[in-house]
Chemist: 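First the structure, then my questions, so here it is.
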Amino acid sequence: MLELQRIRENKEEVVERLSVKNFDAAALVEEIIDLDLQRRTNQKQLDDTLARSKQLAKEIGRYFKSGEKEQAEAVRKESLSLKEQSKAFSVQLDKIVKTLNAKLVELPNVPHPSVPRGKSDEDNEQVYSEGNLPELAENALPHWELADKYKIIDFDLGSKVTGAGFPFYRGKGARLQRALINFFLDEAIAAGYLEYQPPLMVNEASGFGTGQLPDKEGQMYFAGLDKLYLIPTAEVPLTNIYRNVILKEEDLPVKNVAYSSCFRREAGSYGKDVRGLNRLHQFDKVEIVQIQHPEKSYETLEVMKEHVAVLLRKLELPFRILRLCGGDLSFTSALTFDFEVFSGAQKRWLEVSSVSNFESYQANRMKLRFKGKDGKTRLAHTLNGSALALPRIVAALLENNQTPDGIKIPKALQSYTGFDIID
RNA sequence: GGAGAGAUGGGUGAGUGGCUGAAACCACCGGUUUGCUAAACCGGCAUACCUUUCAACGGGUAUCGGGGGUUCGAAUCCCCCUCUCUCCGCCA
């Protein structure tokens with residue numbers, strides 16, 4: 001969530017910038033400022049009452065010790081009435097704080113000044129592209145037909161055993177998955193990231209910390225008996241490692257990477273978007289996360305972008321980078337770049353990575369801070385990016401590299417797969 | 001799943017109703033001393049909110065796993081929850 005101080009001191013700017021996200025924050029911001037004022041007034045009253053109570057309690061102690069029972073009794077009476085007062089203040093303060101927090105959570109992150117206005121993904125701004133679009137024969141097959149032809153992915157079997165969106169990978173298909181995971185992890189480790197194997201289920205506090213809860217509750221699978229959520233991305237456990245942590249400035253940046261399966265309910269998706277590997281309920285992804293000094297986070301965002309670009313280059317996939325417009329930007333993000341690869345037979349761009357700077361928005365929710373060299377404690381900035389999500393990479397690899405002899409594996413991957421063609 | 005023990009500041013650990021936001025030691029930071037290093041000595045060392053003619057030095061409140069209760073007063077007593085450890089059961 002946004003920092004209260006920022007809302008208080010830059011009210012107009014916050015409202016104006018949030019309008020880029022097509023979010024009308026004017027009324028909400030006023031409410032928050034008003035609640036904050038109430039909170040402070042109330043707190044002052046409570047604190048004063050408690051301070052007096054403490055004083056009296058000490059007096060009573062002294063009287064009892066010196067055996068002055070009568071004085072003690074008198075003071076005790078006063079203290080008793082103070083107790084009622086402070087109870088009332090405390091109940092009211094609690095109510096105000098709860099309302100204030102609920103309102104604060106409704107406020108999305110403020111977009112970076114470079115974020116263009118726009119309604120939907122059609123308004124995203126292409127900032128870079130690389131590689132030539134593949135020229136495939138007219139009868140080129142989409143990946144789901146290739147998957148079937150070479151018996152490397154079985155969607156029907158997944159439907160039988162689990163449900164739609166939970167495919168089986170088999171033979172060279174399974175090995176290709178394993179190869180990609182190892183390739184991505186090795187690249188991240190070489191770039192200085194520390195590898196984690198995180199839990200695939202998280203508790204409610206973690207879901208709140210990275211911003212999945214409360215608003216995106218319906219997107220996560222929930223194990224109700226134990227109140228645990230299946231992670232939609234490794235970002236959740238990987239970032240929540242630092243929930244309620246105060247790092248030292250010299251520990252920054254923290255660079256973590258994790259491979260994990262990801263689970264998404266994807267309620268409301270349909271049509272060509274969910275065909276084959278285009279959108280799954282369970283998929284594999286390697287995720288990179290950085291925790292960085294506020295003054296360096298945008299530099300870092302560029303570095304992370306380049307990391308993803310290198311991966312796609314090594315996989316010889318044509319890709320483009322989009323700067324998400326306000327309308328397409330997620331609730332918690334200040335600036336996001338999407339990477340899309342061109343999938344030759346479907347003739348469409350598929351999103352394979354999303355690299356974001358959340359500034360202090362997640363950090364404020366989870367109280368992730370660092371102590372500066374000046375001794376002051378400040379919120380850190382969090383960033384993350386997919387590097388990369390597997391299914392659509394596989395879709396593009398299959399489609400773009402199909403030949404009459406089989407599907408060619410890019411050079412960089414061959415030492416990982418142990419084969420250079422799927423036939 | 002059953003039985004028991006426990007959770008205190010960065011770490012170890014004292015503290016069973018008032019003088020404890022919390023001893024001591026270690027770690028860390030600053031200083032003195034010192035050929036250098038080390039040692040010794042002195043000082044500092046949590047977080048949040050409030051207070052904004054407090055520039056600075058401050059003042060107030062809360063926090064001893066989390067929540068609730070008893071009491072004029074709770075780290076200390078009571079209840080609930082979470083987690084950790086030990087033993088038993090089960091098991092990849």
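Letters go in sequence order (proteins before strands), and every chain restarts at 1.
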Chemist: Is the positively charged end of A/Lys172 above the ring of A/Phe419, judged by distance under 6.0 angstrom from the centroid and angle within 45° of the axis?
Modeler: yes
Chemist: Side-chain contact test, heavy atoms from C-beta onward, threshold under 4.5 Å: evaluate it for A/Leu104 versus A/Ile7 and give yes or no.
Modeler: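 A/Leu104 vs A/Ile7: side chains touch.
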Chemist: If you take all heavy atoms of A/Ile421 and A/Asp405, which pair is closest and at what distance?
Modeler: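 Taking A/Ile421 first and A/Asp405 second, the nearest heavy atoms are CD1-O, 3.8 Å.
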Chemist: Would one find a side-chain N or O of A/Lys54 under 4.0 angstrom from OP1 or OP2 of B/A62?
Modeler: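 Affirmative; the distance criterion is met.
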Chemist: From the set B/C72, B/U47, B/C50, return the single nucleotide nearest to any side-chain atom of A/Gln43.
Modeler: B/C50
Chemist: Take the protein atom CG of A/Leu379 and the nucleotide atom C1' of B/A48, then report the distance between them rounded to whole Å.
Modeler: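 Atom CG in A/Leu379 sits about 12 Å away from atom C1' in B/A48.
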Chemist: Please report the interatomic distance CZ(A/Phe184) to CG(A/Asp284), rounded to the nearest 0.5 Å.
Modeler: 11.0 Å
Chemist: If we call it a pair only when both distances are under 3.5 Å in a Watson-Crick or G-U wobble match, what pairs with B/U63?
Modeler: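 By the stated definition (distances under 3.5 Å), B/A46 pairs with B/U63.
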Chemist: For B/A27, what is the paired nucleotide under Watson-Crick or G-U wobble rules, both distances under 3.5 Å?
Modeler: none
Chemist: Just checking A/Lys376: base, sugar-phosphate only, or nothing, at a heavy-atom cut-off of under 4.0 Å?
Modeler: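 Nothing, no heavy atom under 4.0 Å.
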Chemist: Roughly how far apart, to the nearest Å, are B/A75 and B/U34 at atom P?
Modeler: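 Those two atoms are separated by 47 Å.
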Chemist: When rounded to the nearest Å, what value does the distance between P atoms of B/G69 and B/A74 take?
Modeler: 12 Å
Chemist: Taking a pair as Watson-Crick or G-U wobble with both distances under 3.5 Å, which nucleotide is matched to B/A22?
Modeler: none
Chemist: Show the nearest heavy-atom pair for residues A/Pro232 and A/Phe283, with the distance to one decimal.
Modeler: O-CZ, 4.4 Å
Chemist: Can a side chain N or O of A/Thr377 be found less than 4.0 Å away from OP1 or OP2 on B/A46?
Modeler: no
Chemist: Counting neighbours of CD on A/Glu204 that are heavy atoms of other residues, nucleotides or ligands and sit closer than 6.0 Å, is the number greater than 12?
Modeler: no
Chemist: If you pin A/Ala51 and A/Arg8 to their nearest nucleotides in RNA chain B, which one's is more 5'?
Modeler: A/Arg8
Chemist: Using a 4.0 Å cut-off on heavy atoms, which residues in residues 28-42 of chain A reach RNA chain B? List them by number, or say none.
Modeler: A/Arg39, A/Arg40
Chemist: Nearest to the A/Asp47 side chain among B/G69, B/C72, B/G60, which nucleotide is it?
Modeler: B/G60
Chemist: Can you tell me how the ring of A/Phe263 sits relative to the ring of A/Tyr221, calling it parallel under 30°, perpendicular over 60° and tilted otherwise?
Modeler: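 Rings of A/Phe263 and A/Tyr221: perpendicular, as their planes differ by over 60°.
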Chemist: Roughly how far apart, to the nearest Å, are B/C77 and B/A14 at atom P?
Modeler: 15 Å
Chemist: Provide the distance between the two P atoms, one in B/A27 and one in B/C85, to the nearest whole Å.
Modeler: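 Here B/A27 and B/C85 have their P atoms 28 Å from each other.
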Chemist: Mind checking who B/U76 pairs with, Watson-Crick or G-U wobble, both distances under 3.5 Å?
Modeler: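 Pairing partner: none.
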Chemist: Look through every strand shown and name the nucleotide pairing with B/C90 as Watson-Crick or G-U wobble, where both distances are under 3.5 Å.
Modeler: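 Result: none.
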Chemist: Answer with base, sugar-phosphate or nothing: what part of the nucleic acid does A/Leu80 contact at a heavy-atom distance below 4.0 Å?
Modeler: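 Sugar-phosphate only.
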Chemist: Roughly how far apart, to the nearest Å, are B/A24 and B/C80 at atom C1'?
Modeler: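 After rounding to an integer number of Å, I get 35 Å for this pair.
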Chemist: If only side-chain N and O atoms of A/Lys44 are considered, is one of them under 4.0 Å from the OP1 or OP2 phosphate oxygen of B/A62?
Modeler: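 No, A/Lys44 has no side-chain N/O under 4.0 Å of OP1/OP2 on B/A62.
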Chemist: For the P atoms, the ones on B/C26 and on B/G18, what distance do you get once it is rounded to whole angstrom?
Modeler: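 Looking at atom P only, B/C26 and B/G18 are 29 Å apart.
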Chemist: Side chains of A/Leu200 and A/Ser260: does their closest heavy-atom pair fall under 4.5 Å?
Modeler: yes
Chemist: Given B/A48, is OP1 or OP2 found less than 4.0 Å from the side-chain N or O atoms of A/Arg369?
Modeler: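 Result: yes.
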Chemist: Counting only Watson-Crick pairs (N1-N3 plus N6-O4 or O6-N4) and G-U wobbles (N1-O2, O6-N3), all under 3.5 Å, who is the partner of B/G58?
Modeler: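 Pairing partner: B/U51.
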Chemist: Verify the contact: side-chain N or O of A/Lys371 to OP1 or OP2 of B/U47, cut-off strictly under 4.0 Å; return yes or no.
Modeler: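 True: A/Lys371 side-chain N/O within range (under 4.0 Å) of B/U47 OP1/OP2.
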Chemist: Could you work out the separation of B/G2 and B/C19 based on their P atoms and round it to a whole Å?
Modeler: 41 Å
Chemist: Provide the distance between the two C1' atoms, one in B/G68 and one in B/G30, to the nearest whole Å.
Modeler: 44 Å
Chemist: Is B/A40 paired to anything, Watson-Crick or G-U wobble with both distances less than 3.5 Å, and if yes, which nucleotide?
Modeler: B/U32
Chemist: Counting side-chain heavy atoms from C-beta on, which of B/A62, B/G18, B/C49 comes nearest to A/Leu50?
Modeler: B/A62
Chemist: Return the 5'-most residue of the pair A/Ile246, A/Lys87 with respect to RNA chain B, ranking by each residue's nearest nucleotide.
Modeler: A/Ile246
Chemist: Indicate whether the side chain of A/Thr382 and that of A/Gln362 have a donor and an acceptor atom separated by less than 3.5 Å.
Modeler: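 Yes - a donor-acceptor pair under 3.5 Å links their side chains.
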Chemist: Give none if B/U16 has no partner; otherwise give the nucleotide forming a Watson-Crick or G-U wobble pair with it, both distances under 3.5 Å.
Modeler: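 Paired with B/U16, as far as the under-3.5 Å criterion goes, is no nucleotide at all.
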Chemist: In whole angstrom, give the distance that lies between atom CD of A/Glu84 and atom P of B/U71.
Modeler: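 Interatomic distance, CD of A/Glu84 to P of B/U71: 12 Å.
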Chemist: Answer with base, sugar-phosphate or nothing: what part of the nucleic acid does A/Leu82 contact at a heavy-atom distance below 4.0 Å?
Modeler: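 No contact.
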